[in-house]
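Values below: every heavy atom of this structure, side chains too, minus hydrogens, waters and symmetry copies. Along the sequence shown, residues are numbered consecutively beginning with 1.
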Amino acid sequence: MAVAELEFTSEILNSAEETRAIASVAETFFTNEREDRAMFTRNFDHKPFQFRHALDQHPAFQLPALLKAAERLSKDPRTAGKSHFESGSPDRNAWFGARPEGQTIVDAIASIESGKNWVILKRIHEDPEYREILMQLVPQLSEVAGVDIAKVYYDPTMTIFITSPGRITPYHMDGETNFLAQIHGTKMVYIYDGKNPNVLTTEQLEKYWTGNLPKIDYPESLPHGNWQYKLQPGNGVFNPAIFPHWLQNGSEVSVSVSMNFKRRHDATIGASRFNHFARKLGLQPEAPGRSKGVDRAKEMFFGRAYEFAKKRLKK
C-alpha cells in the first residue's frame, strides 16, 4: 500500500472520536434488528447473503449528484484517471475493455440510458462529500456485523457502478470483501463458491495472489453460479473475497454502491503466495486450509515479507 493510501486509511479508520461523532447524528443506513445481526454473524466474510439498507434514499447516490461527482473526480489531479468507463455488449465470459476514444466519463454517464455503458467511479470516497458518508457507514456496518471493521480490515473503499440497461458485467473476482448496495434499477448477481476447487483451483489462487492471473476461467458447467440474487433499491448482497461473480442489469439504468475492505492478516493468502514460489523450486507444497498452523507459519515467514516488499515498490 502506498504512503498516501496508508495515511488516508488511517484518517478514516483511526479517527475514532470523529467517526463516532458523525455516526451519532447520522441517519441509520442498515437495519440492526436481531435477525439481521444473526444473519451477519452466520455469514459475514464466509458466504454470500442479502442485506437491507437505506442508501437508495441518500441524495448523494442519485444520478444528478453522481454526474457532478464524476466532474470533480476527473478534474482533481489526485483522482483523475482512477475511474473507468467502457461501452459495448460483452458476454459473461468476456473481459473488461478500453475506454472509448473521444468520450469522457461525464459523457458516458450522461448517455447511460441510451448507450451500452459501464461506468465505475473508483475510490469516490476521496471526494470529501463521499468520504464523510463512508465514515458514517463503517461503524454502522461494524455494529450490525458484530466485528470491529477498523481493527480487522484496512483500506475502506467506496465505489459507484453506473450501468446501462441490459449490460453484463463479465465474470471476475475481487480480493476484497464487498458489500454491494443497489440504489436504482435492478440487476441479477451470480456468485460462485471460491472455496470450491472446481471453481478456483489451488494454482489459480496462487497466481491471483501473486498478480499473475489477470483473468479467471468461466465455468461453463455452472452458468448461473452457486447463488443467485435479484437486487433492487433497498437491498444488497455481501460477496466474500475471491468468490467469482458476474452480473446482468435489468431494463433500467442501474446504480450500485460498493463498499470494500481488505483483511489485515489472512494466513491463506500468505500460504498461497508461499506455495506459488515453492512450486517454482520444484516443491509440492500443501494447499491452504488443511493445516491452520502451517498456513500461519507460511504467512508469518513469507506472506508478510511479500506484503512489505509490495508496499515498498508502490511508494
Side-chain angles (χ1 to χ4, degrees), residues 1-2 5-6 9 43-48 84 92-96 122 152-155 157 159 169-178 180 189-223 225-227 238-247 258 260-315:
M1 195 192 313
E5 188 179 11
L6 278 168
T9 298
N43 301 316
F44 177 63
D45 221 8
H46 298 295
K47 62 183 296 187
H84 178 71
R92 58 196 173 196
N93 199 32
W95 193 233
F96 300 99
K122 290 185 178 181
V152 182
Y153 303 87
Y154 71 95
D155 192 23
T157 303
T159 300
T169 302
Y171 183 76
H172 68 286
M173 69 178 177
D174 304 299
E176 304 86 15
T177 193
N178 172 24
L180 183 68
V189 183
Y190 303 99
I191 303 178
Y192 297 72
D193 186 355
K195 298 178 181 179
N196 184 338
N198 293 320
V199 172
L200 280 175
T201 67
T202 299
E203 288 78 6
Q204 283 179 313
L205 282 170
E206 291 171 9
K207 289 180 179 179
Y208 179 78
W209 288 120
T210 52
N212 296 297
L213 186 68
K215 185 181 185 301
I216 53 175
D217 299 326
Y218 172 76
E220 297 285 354
S221 61
L222 198 62
N226 300 102
W227 296 271
F238 172 78
N239 198 146
I242 63 95
F243 273 48
H245 49 282
W246 68 278
L247 307 88
S258 175
N260 297 342
F261 303 91
K262 300 175 183 175
R263 182 173 281 277
R264 292 185 184 276
H265 299 294
D266 191 323
T268 60
I269 296 175
S272 291
R273 288 169 172 160
F274 175 94
N275 290 355
H276 175 75
F277 291 100
R279 289 184 196 280
K280 290 182 175 293
L281 298 175
L283 303 176
Q284 295 296 320
E286 185 177 60
R290 297 180 182 177
S291 170
K292 291 183 178 179
V294 171
D295 289 348
R296 283 196 297 267
K298 290 177 179 177
E299 193 268 340
M300 182 176 297
F301 294 111
F302 180 83
R304 295 186 186 182
Y306 180 95
E307 280 289 329
F308 177 78
K310 188 170 69 170
K311 291 172 186 176
R312 295 286 295 179
L313 289 172
K314 285 185 178 180
K315 289 184 179 180

Going by atom type alone, with no hydrogens or angles, which donor-acceptor pairs under 3.5 Å involve a side-chain atom of residues 285-297 and a protein atom two or more places apart or on another chain?
{"from": "S291", "atom 1": "OG", "to": "V294", "atom 2": "N", "distance (Å)": "3.2"}
{"from": "D295", "atom 1": "OD2", "to": "G289", "atom 2": "N", "distance (Å)": "2.8"}

### Query
If you look only at pairs with a residue in residues 204-219, which of them pass as a salt bridge (charged side-chain N to carboxylate O under 4.0 Å, His left out), with sequence neighbours excluded?
E206-R279
### Task
Identify the heavy atoms of D193 and F243 that sit nearest to each other, and give their distance.
OD1-CZ, 3.5 Å
### Message
Test of understanding: with ring pair (Phe, Tyr, Trp, His ring centres under 6.0 Å), list the residues that count as partners of H276, not counting sequence neighbours.
### Response
none
### Message
Quick check: do L180 and N239 have side-chain heavy atoms less than 4.5 Å from each other?
### Response
no
### Message
Taking L200's backbone N and O only, do any of them form a donor-acceptor pair with Y192's side chain (distance below 3.5 Å, no angle check)?
### Response
no
### Query
Ignoring hydrogens and geometry, is there a side-chain-to-backbone donor-acceptor pair from N198 to N196 under 3.5 Å?
no
### Task
Could I get the full list of side chain to side chain donor-acceptor pair (under 3.5 Å) partners for N226, not counting sequence neighbours?
none
### Query
If we only count heavy atoms from C-beta on, is the Y208 to S272 side-chain gap below 4.5 Å?
no
## Note on the structure
Taken to the nearest 0.5 Å, the spacing of K195 NZ from I242 CD1 works out to 7.5 Å
### side chain to side chain donor-acceptor pair (under 3.5 Å) partners for T268, two or more places apart
D266
### Residues in side chain to side chain donor-acceptor pair (under 3.5 Å) contact with N43, at least two apart in sequence or another chain
none
### Message
Just verifying a value: how many Å separate I191 CD1 and M173 CE, rounded to the nearest 0.5 Å?
### Response
14.0 Å
### Query
So, the side chain of R273 versus the backbone of W209: is there a donor-acceptor pair under 3.5 Å, distance only?
yes
### Query
Under 4.5 Å between any side-chain heavy atoms of F277 and T210, yes or no?
yes
### Query
Under the 3.5 angstrom rule, does the side chain of R263 hit a backbone N or O of Y153 as a donor-acceptor pair?
no
### Query
How many angstroms lie between atom NZ of K298 and atom CD1 of I269, to the nearest 0.5 angstrom?
14.5 Å
#### Entry: Close aromatic pair by centroid cut-off 6.0 Å: F96 and H172
yes
### Task
Identify which one of N178, D174, T159 satisfies the side-chain hydrogen bond (donor to acceptor under 3.5 Å, both in side chains) criterion when paired with S258.
N178
### Distance-minimising heavy-atom pair for P214 and W95
O-CZ2, 2.8 Å
#### Entry: Full working for side chain to side chain contact (heavy atoms under 4.5 Å, CB included) between T157 and E176
CA-CA 10 Å; T157 303; E176 304 86 15; over 6 Å; no
### Task
Please work out whether the ring planes of F238 and F44 are parallel, tilted or perpendicular, with thresholds of 30° and 60°.
tilted
